[in-house]
Each structure stands twice: as C-alpha cells, then as structure tokens.
Amino acid sequence: MEISVVLADGTQRTVPSDCTASELAALIGRRLSQDSVAAKINGTLRDLNTVLSDGDRVEIVTRDSDQGREILRHSTAHVLAQAVVDLWPGTHFAIGPPISDGFYYDFELPGGRHFSDEDLERIESRMREIIAEDQTFVRSEYSISDGLRLFRDQPFKREIIETVAGQMSEPQEEELNEGVEEGEISVYRNSSGFIDLCRGPHVPSTKVLGSFKLMRVAGAYWRGDENRPQLQRIYGTAWESDKALKEHLLQLDEAEKRDHRKLGLELDLFHFPPEIGGGLPVFHPKGALIRQLMEDFSKTEHRKAGYQQVWTPHLAKSTLFEISGHLGWYKAGMYPPMEMEGATYYLKPMNCPMHILIYKSRGRSYKELPLRLFEFGTVYRFERSGVLHGLARVRGLTQDDSHIFCAPDQLPHELTRLLKFVIAMLMAFGLSDFEAELSTRPEKSVGEDYEWEEATAALDHALKESGINYTVAHGEGAFYAPKIDVHLKDAIGRRWQVSTLQVDLQEPQRFGMEFVDSDNTRKRPYMIHRALFGSVERFFAILLEHYAGGLPVWLSPIQVSVLPVRDDHDDYACQVVNELEKLGARVEMLSADEPLGSRIRKAKLDKVPFVVVVGDSDVSEGTVGVNARGSQSPERGVQLSEFIARISPDLAGKPLGESFD
RNA sequence: GCCCGGGUAGCUCAGUCGGUAGAGCAGCUCACUCGUAAUGAGCAGGUCAGGGGUUCGAAUCCCCUCUCGGGCUCCA
C-alpha cells in the first residue's frame, strides 16, 4: 500500500502507507533528515515519528527555522527539568516554555531550597550527560483522571490539568494549555523514565540537542501572580548549532559593551548618587550638554511645527489630582503626600492636569484650535525598587510632553500630522527602523463605547496615513484612552518603546473643558497626550546604546580635539581651534604634555568624532591631520578650509524640513 | 515589593586556612616635546557598604540594614 502526501513546495510524493514524517524527511534528502526536528502536518506541529496519512500536507521543520529553534528550546527545557529532578528528587516542576533566544523552567525545590550559581554548573553537566545518553522522547496520551494520578506528586502539573480541564469549553492561552486538550492530556516520557506534561512536539531524541547554555537563576511567581508562590526559574539559551550559540553569546557581549550605565560612567555623563536615592540621576557637564542639545533641537522643531512652550511646577495640591482622577486611578504610582499649611501636596506624576489649567485660564475659541502646548516637564513616579534600570527606568524623569486640544472634527488630521512629526523627529536622531502598536480598550476602563470607537478609528487612520507598520494590541490601552506606541529597533536589533500618543476621553470632561464654536455653541475639545522621546532620560539611554556611545557629531559633547605634536605647534593649534569655534564647533585642545599616542588614545576613548593633529608640515602648509572616528587610518595634509567645509554641515542637527500640515 | 548574585582606592579587580590591605588604570609632582590608540620615575589614595555578633584576632564566619546587578510583578 502506498499513500500520497503533499510537500511544502506543493509537489506530491508517494510514500509507503506506514511512513512517518521522519522517514519522509530521509526519503527527500539526507541533509533535511539530519536537520529535521519536527513536522508540520496539515498546519499542526507534530513529532517526527507521526505516521502520515493519505493526502496530508507535510512540512519538515528544520532546526534552523524559527519553529525548529522553538522545539529545540522546548526540548532542552525538558532536559533541564529532568536534570533538576535527578539532582534534587522530590522537586516540583511547573512550566518550561521556549522564549526568544532560549527557554526557562520553573521549579520548587524540596525544603524550600534555592538554586545558587554553582548549582547551574552541576545542572548543566547533568544535562549534557542526559543528552549524551541519546534518550528518546515518546509521546503518550492519558485521560484527565489518569493524568491527575500520574502527576499526583506534582501540584503544579495537577493545577494545569485541573484548570484547563475545568475550562475546556473556553479557548485557552497557549501557555496554560500545555499538554492538555479535548479531555485528554499528552505527556512525554524519556527512555530514563522521566515524564513531563507537554503538548509537544519534541525532538525525537536528546542527542539532537546540545548547543545550549544555562544563563541565570531568578525568582518567578507561579503563573505570574505575585500573590502565589515564588518559584525558582532557570533561564537558558539554546540554538541550532554551536556556531549560532557562540554568535548569540557574542551578541550579548556586544550589548553589554553598549550598556548605557557603563558608558555613562566611562564617558563621564551621569550617575546615581545613593545619597539622592534610587532612580534619581545627576547629569555631569557632558551628559547635561547632550541633554541640552537634544532638548534645544526638539524645542526649535516644536516651535516650527506650531507648538507653544509652557512651564508648570513640580507639585500641586491634592485637589488637582482628585479632579484629574490620578489619585483615584494611580495613587500607588505617586510619591506620598506632603502636608503644608493645611493642604496636601503631591509631586506630579504627569503634566496633563497643569496643561489643562493653562487651557482653562480663559475662554477658548474654535479659532485657537488645535492648541498645542508643549513642555519638558519633570514628573515623579514611585517605581518599585526592583524595576529601576539605569536611565531607562527612573523615578524622576523629564517628559517631552505635549497636549493637543482640538475640535472633534480636527482629530484625525491632527493625529496624522502628529505621527508624521514624531517619526520625522526620531529620524533626525538617526533612528529609522520603526513599528507601532495600536492599543485598544482594556477591560478596566472608563468612557462610552462610541467615544472609544471614534478615537481608536482616528488613531488607526493616522497609522495608515503615516505608512508605518503596526499591529493591534487588543485591550492594552490606558484606562482612559486608546493609544499608539512607537517602537524602534536599535543598531543591534533590540526593540525599545519610545513615543506614545493617546486620545484622552476622560480629562476634558473631568475638567469641564470647553471652546466656543463658530456657531456660538459651547463644545468639548478632544485632547491628545503625547510624549515623543518618551522621557529624555530613557531616550538618552537608547541613543547611547544605539550608537555605542559614539553619538552623531551634532550631539557629541566635544566635536573636535586638536592635538599639537610639540609645544611649538601651540600657536597654530590655537588658530585651528579659533577657526573651528567660529563655526560654533565644540573644540578642545590637548597640549603636548603627554606623548601624542596617549593623547590620541584619550580622545578616542572619549569617542570624539574628529581628532586633529597638527605638526611641522601643517604649520607650514596650513593643513591638519584628520583622524576621524571609525576610520581605519588617519588622513594627513588636509587643508584647514577643506576640513571646515567637510564638517560644517554636521555640526548642528538637521531641521525636520517639513511643514506637517 | 519578592527570588538569586554582588558591594575591597575615583574605575577594573586580586586578597590563601580568620593573623590586621594589594595591583593596573585614573589623580598629583617631576622629568620627557614626541606625527596617529598607553613615555618614565615618584607621591598620594581604603571606617574592606553600614551596624551588630562569634573570636585572643574578622575584608574573610553568622545576623540585620542599605545599595547595585539579573529576573518576577508593575509601567496609569
């Protein structure tokens, strides 16, 4: 008997009737067979030993595909659990899914024990033994009740089975659904006898695995709920080959070198004095200069784009935040109150209520709309100590915050214009790889359905008009507003969330905002919240990491270092410095009290864009030696005028050059 | 906040069995005046995060606190 199956490329293939996916792979080719880890049969991932049926559409999943890597990682997690249970009998094991770049597994060790870093080495060795033993993964299925019996000593597994069995009618989250479906559970058994609840598929045998490394141990709450037990999580990374693993580890090293906290220290930009408190940075002269350059550029462009800059204080009476609703919705995120002269004051967690008061300071006409208020507003948020992370997550931050008040019919156009402005500004900072996310109404929210629909539609329209790629995150909006989040990919492919645009449905109402329309009726304006950089601190961190500290010339604290070869070149060096300063360049001179090589090294470590060396021949010829950041070899004998012409265009940020209307 | 791991000179780190603190870089002084990523010598620099305990004796062992890092949760 023979059957016919359809391959991934659409061709038909006749195979023996008891042919497995694995045998099919072998029939197609040796290489494919070697690289296969699972099969996709009629769109569903299955084990390689699945017997094929007539008419099946079969795709062999290889180890170097995204799905293949997921399976490798998942199976490696399984081996991790096996190793831990071997080493600590009586361990309860919970879940062990693949994640990006790797996998984890959550455990509860007997006697409330915790893993230490040394344990990771022992576990890893045991895993390598299991892998060397070439243990097979064999799937079998049980009824719910048999499953509960099988895992009678594993409370987390039982809970997964029970929860999912109890809610079988409703569609489940993938993760919670592991190994449980349609009144049955599936388990995988190794040849050593280790059993794990798992939906699969798995690789056929542990020998397929091996390019992995355990990375770290961490605490993680069971099912992500901080009211439930905290388990011991082990993270690992796993790849299709040792080469891919090595590349990944190199990438991690690269990311470490770019860590903005490290660069901040090395380049003398900022630090976090413990005396001030966690999450509260101080900016040193060079760091403050960079901030100022960023802010100045942004302010100029905002003015040109029709924004009006405002200024508001850092504190306000509780009344303001009662009206705005922050004390109702967000109190846990605010700093505790201060009592003064019978009133209660809070540090502001957001600038919007104050901007609204500026709007409300007098009657507003439709002729003034859209009214775009803009501020570098410093806000304070009580972030839990464990979440602080350098400049990327702080307790005191400066938002490049804008609130745009417009008439309802202006909303779609205003949002489109805004999104274009946001993208143009980010591009001016040398970022170009964006994606957006449209977050819709969450369960816990306020407002009328039609308002949410209108606002969400306007955001959707703006996304389409701007041409940016986007996805919809259902139910991820703020309680008061749907929003667009702009994410960017940095130079080494990491995603960062930056800008956020929200249509506020609540505050205009809470504050009773109005404008007089052309027909002399009073109407409620729409309000858009927007932070473009997100926060200046976080954006600063992103830029540092994106550029690995080598900021664009216009943002570099020192743009040119001038190095006379000997003392008697000082006069000429000063002339060069003067010429460059006339252009507005930020220049420093490193005189010859140290060897030239040493001074060059210093300037290079400071990531100065242009190191200019002047010696005998330069004095007589009116030239400079240019050692540009990133170039392989220095350039001798460049005419000063030519050097000036070359660098002039890059000394200041490039205007956005669009009108946005 | 919770779990794990750290905290020794401004920075990066060493410090044996518990015996009283060390290097490189940076800093300062002097000498060197040099053509593209480290000139040499000397000097100075520490309440070993803080507090408590064990001990004849603690950077080292124990407890508590603070703080930093990695995660979890959180991010209106």
Side-chain angles (χ1 to χ4, degrees), chain A residues 104 106 112 114-120 215-235 256 259 261-262 265-266 268 271-275 277-278 324-334 349-350 352 379 381-390 392-394 397 442 444-446 476-481 483 485 497 500 502 504 506 529 534-535 538 561 563-570 591-606 611-618 624-628 631-637:
Chain A
Y104 66 80
D106 286 348
H114 300 296
F115 290 121
S116 68
D117 285 354
E118 293 80 66
D119 291 336
L120 285 188
M215 302 301 285
R216 58 179 57 96
V217 47
Y221 300 106
W222 169 231
R223 293 198 162 169
D225 181 346
E226 59 183 317
N227 297 311
R228 308 190 75 169
Q230 188 166 44
L231 307 178
Q232 292 281 299
R233 175 171 296 178
I234 293 178
Y235 281 95
E256 202 175 321
D259 189 317
R261 294 164 301 182
K262 194 174 148 81
L265 196 66
E266 286 170 1
D268 193 16
H271 85 289
F272 291 84
E275 295 85 344
S324 71
H326 287 102
L327 277 174
W329 283 93
Y330 189 60
K331 193 165 184 191
M334 291 170 68
M350 284 181 141
C352 40
V379 299
R381 299 176 179 189
F382 189 72
E383 303 282 6
R384 299 211 273 178
S385 58
V387 307
L388 300 175
H389 180 86
R393 191 82 179 267
V394 291
L397 57 127
K444 197 179 157 192
S445 60
V446 292
E476 293 295 314
F479 73 85
Y480 55 81
K483 60 175 181 175
D485 290 321
Q497 191 202 308
T500 167
Q502 307 173 343
D504 193 329
Q506 280 306 301
H529 295 248
S535 85
R538 184 178 153 80
S561 286
L563 282 55
V565 173
R566 275 191 326 267
D567 279 353
D568 53 323
H569 303 124
D570 276 5
S591 11
D593 47 12
E594 279 182 278
L596 182 64
S598 169
R599 287 177 285 148
I600 288 170
R601 180 164 187 273
K602 266 184 192 152
K604 289 290 184 187
L605 289 176
D606 275 346
V611 176
V612 166
V613 174
V614 293
D616 287 335
S617 62
D618 298 299
V624 291
V626 179
N627 188 333
S631 75
Q632 292 306 310
S633 55
E635 209 180 332
R636 289 283 300 272

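The chains referred to below are lettered A, B, ... by the order of the sequence lines, with proteins before strands, and numbering in each begins at 1.
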Exercise for the section: Quick one: label A:Ala218 by what it contacts on the DNA or RNA (base, sugar-phosphate, nothing), any heavy atom closer than 4.0 Å. Expected result: base
Exercise for the section: Under 4.0 Å between any heavy atoms, over every strand shown, what does A:Asp618 touch: base, sugar-phosphate, or nothing? Just pick one. Expected result: base
Handout entry: side-chain N/O A:Arg599 vs B:rA37 OP1/OP2, d < 4.0 Å
Key = no
Practice task
Answer yes or no: is there a side-chain heavy-atom contact under 4.5 Å between A:Arg261 and A:His389?
Solution key: yes
Set out, line by line, the N/O atom pairs under 3.5 Å between protein and nucleotides 24-31 of chain B.
none

Problem - Strand partner of B:rC43, provided both Watson-Crick or wobble distances fall under 3.5 Å - result: B:rG27
Exercise for the section: Could you work out the separation of B:rC3 and B:rU55 based on their P atoms and round it to a whole Å? Expected result: 31 Å
Practice task
Could you check whether A:Gly386 gets within reach of a base, just the sugar-phosphate, or nothing at all, counting any heavy atom under 4.0 Å?
Solution key: base
Handout entry: Rounded P spacing from B:rG15 to B:rG51 in Å
Key = 25 Å
Handout entry: Backbone of A:Ala592 reached by a side-chain donor or acceptor of A:Arg566 within 3.5 Å
Key = no
Handout entry: Check against side-chain contact (heavy atoms from CB on, under 4.5 Å), A:Leu397 and A:Arg538
Key = CA-CA 8 Å; A:Leu397 57 127; A:Arg538 184 178 153 80; over 6 Å; no
Exercise for the section: Taking atom C1' in both B:rA49 and B:rA44, compute the distance separating them and give it to the nearest angstrom. Expected result: 23 Å
Handout entry: N/O (side chain, A:Arg566) to phosphate O (OP1/OP2, B:rC34) under 4.0 Å
Key = yes
Problem - Paired nucleotide for B:rG22 [Watson-Crick or G-U wobble; both distances under 3.5 Å] - result: B:rC13
Exercise for the section: Could you give the distance separating B:rG19 and B:rC4 at their C1' atoms, to the nearest angstrom? Expected result: 33 Å
Exercise for the section: Select from A:Gln232 and A:Tyr480 the residue whose nearest nucleotide in RNA chain B is closer to the 5' end of that strand. Expected result: A:Gln232
Fill in the blank from the handout: Whichever of A:Gly333 and A:Asp616 has the more 5' nearest nucleotide on RNA chain B, that residue is A:Asp616
Handout entry: Base paired to B:rC66 (Watson-Crick or G-U; both N/O distances under 3.5 angstrom)
Key = B:rG7
Practice task
Remember a base hit wins even if backbone is also touched, and classify A:Phe272 as base, sugar-phosphate or nothing at under 4.0 Å, heavy atoms.
Solution key: nothing
Practice task
Could you give the distance separating B:rC34 and B:rG22 at their C1' atoms, to the nearest angstrom?
Solution key: 34 Å
Exercise for the section: For A:Ala478, answer base if it contacts any base atom (sugar-phosphate contacts may also be present), sugar-phosphate if it contacts only those atoms, and nothing otherwise; contact means non-hydrogen atoms under 4.0 Å. Expected result: sugar-phosphate
Exercise for the section: Quick one: label A:Pro564 by what it contacts on the DNA or RNA (base, sugar-phosphate, nothing), any heavy atom closer than 4.0 Å. Expected result: nothing
Problem - Main-chain N/O of A:Glu256 paired with A:Asp259 side-chain donor or acceptor, under 3.5 Å - result: no
Practice task
I would like to know whether A:Val394 and A:Glu383 meet side-chain contact (heavy atoms from CB on, under 4.5 Å); could you show each step before the answer?
Solution key: CA-CA 7 Å; A:Val394 291; A:Glu383 303 282 6; over 6 Å; no
Exercise for the section: Please determine if a side-chain N or O atom of A:His389 lies less than 4.0 Å away from the OP1 or OP2 oxygen of B:rG70. Expected result: yes
Handout entry: From NE2 (A:His326) to NZ (A:Lys331), nearest 0.5 Å
Key = 14.0 Å
Handout entry: Watson-Crick or G-U wobble partner of B:rC2, both distances under 3.5 Å
Key = B:rG71
Exercise for the section: Return yes if the base of B:rC74 and the side-chain atoms of A:Arg393 contain a donor-acceptor N/O pair under 3.5 Å, otherwise no. Expected result: yes
Handout entry: B:rU60 to B:rG53 separation - P atoms, rounded to the nearest Å
Key = 14 Å
Exercise for the section: Assign A:Arg216 to base, sugar-phosphate, or nothing according to its heavy-atom contacts below 4.0 angstrom with the strands shown. Expected result: sugar-phosphate
Practice task
Any strand is fair game: report the nucleotide pairing with B:rA59 by Watson-Crick or G-U wobble, both distances under 3.5 Å, or none.
Solution key: none
Handout entry: A:Gln230 (side chain) and B:rC2 (base): donor-acceptor pair under 3.5 Å
Key = yes
Problem - Whole-Å C1' distance, B:rG46 and B:rG5 - result: 24 Å
Exercise for the section: Could you check whether A:Ser633 gets within reach of a base, just the sugar-phosphate, or nothing at all, counting any heavy atom under 4.0 Å? Expected result: nothing
Exercise for the section: Have a look at A:Leu605 and say if it touches a base, only the backbone sugar-phosphate, or nothing, with a 4.0 Å heavy-atom cut-off. Expected result: base
Exercise for the section: Determine the contact category for A:Arg636: base if any of its heavy atoms lies under 4.0 Å from a base atom, sugar-phosphate if only primed atoms, P, OP1 or OP2 are that close, otherwise nothing. Expected result: base
Problem - Gap in Å between the two P atoms, one belonging to B:rC13 and one to B:rG7, rounded - result: 10 Å
Practice task
Examine B:rU73: is either OP1 or OP2 under 4.0 Å from a nitrogen or oxygen in the side chain of A:Arg233? Give yes or no.
Solution key: no
Problem - Exam field: side chain A:Gln502 to backbone A:Ala481, donor-acceptor pair closer than 3.5 Å - result: no
Problem - Main-chain N/O of A:Ala218 paired with A:Arg233 side-chain donor or acceptor, under 3.5 Å - result: no
Exercise for the section: Answer yes or no: side-chain N or O of A:Tyr221 and base N or O of B:rG1 forming a donor-acceptor pair under 3.5 Å. Expected result: yes
Handout entry: pair A:Leu563-A:Ile600: side-chain heavy atoms closer than 4.5 Å
Key = yes
Practice task
Give one of base, sugar-phosphate or nothing for A:Gly278, where a contact means two heavy atoms less than 4.0 Å apart.
Solution key: sugar-phosphate
Exercise for the section: Would you classify A:Pro274 as touching base, sugar-phosphate or nothing, given that sugar-phosphate means primed atoms plus P, OP1 and OP2, and contacts are heavy atoms under 4.0 Å? Expected result: nothing
Exercise for the section: Grab the two heavy atoms, one from A:Ser591 and one from A:Pro564, that are nearest each other, plus how far apart they are. Expected result: CA-CG, 4.0 Å
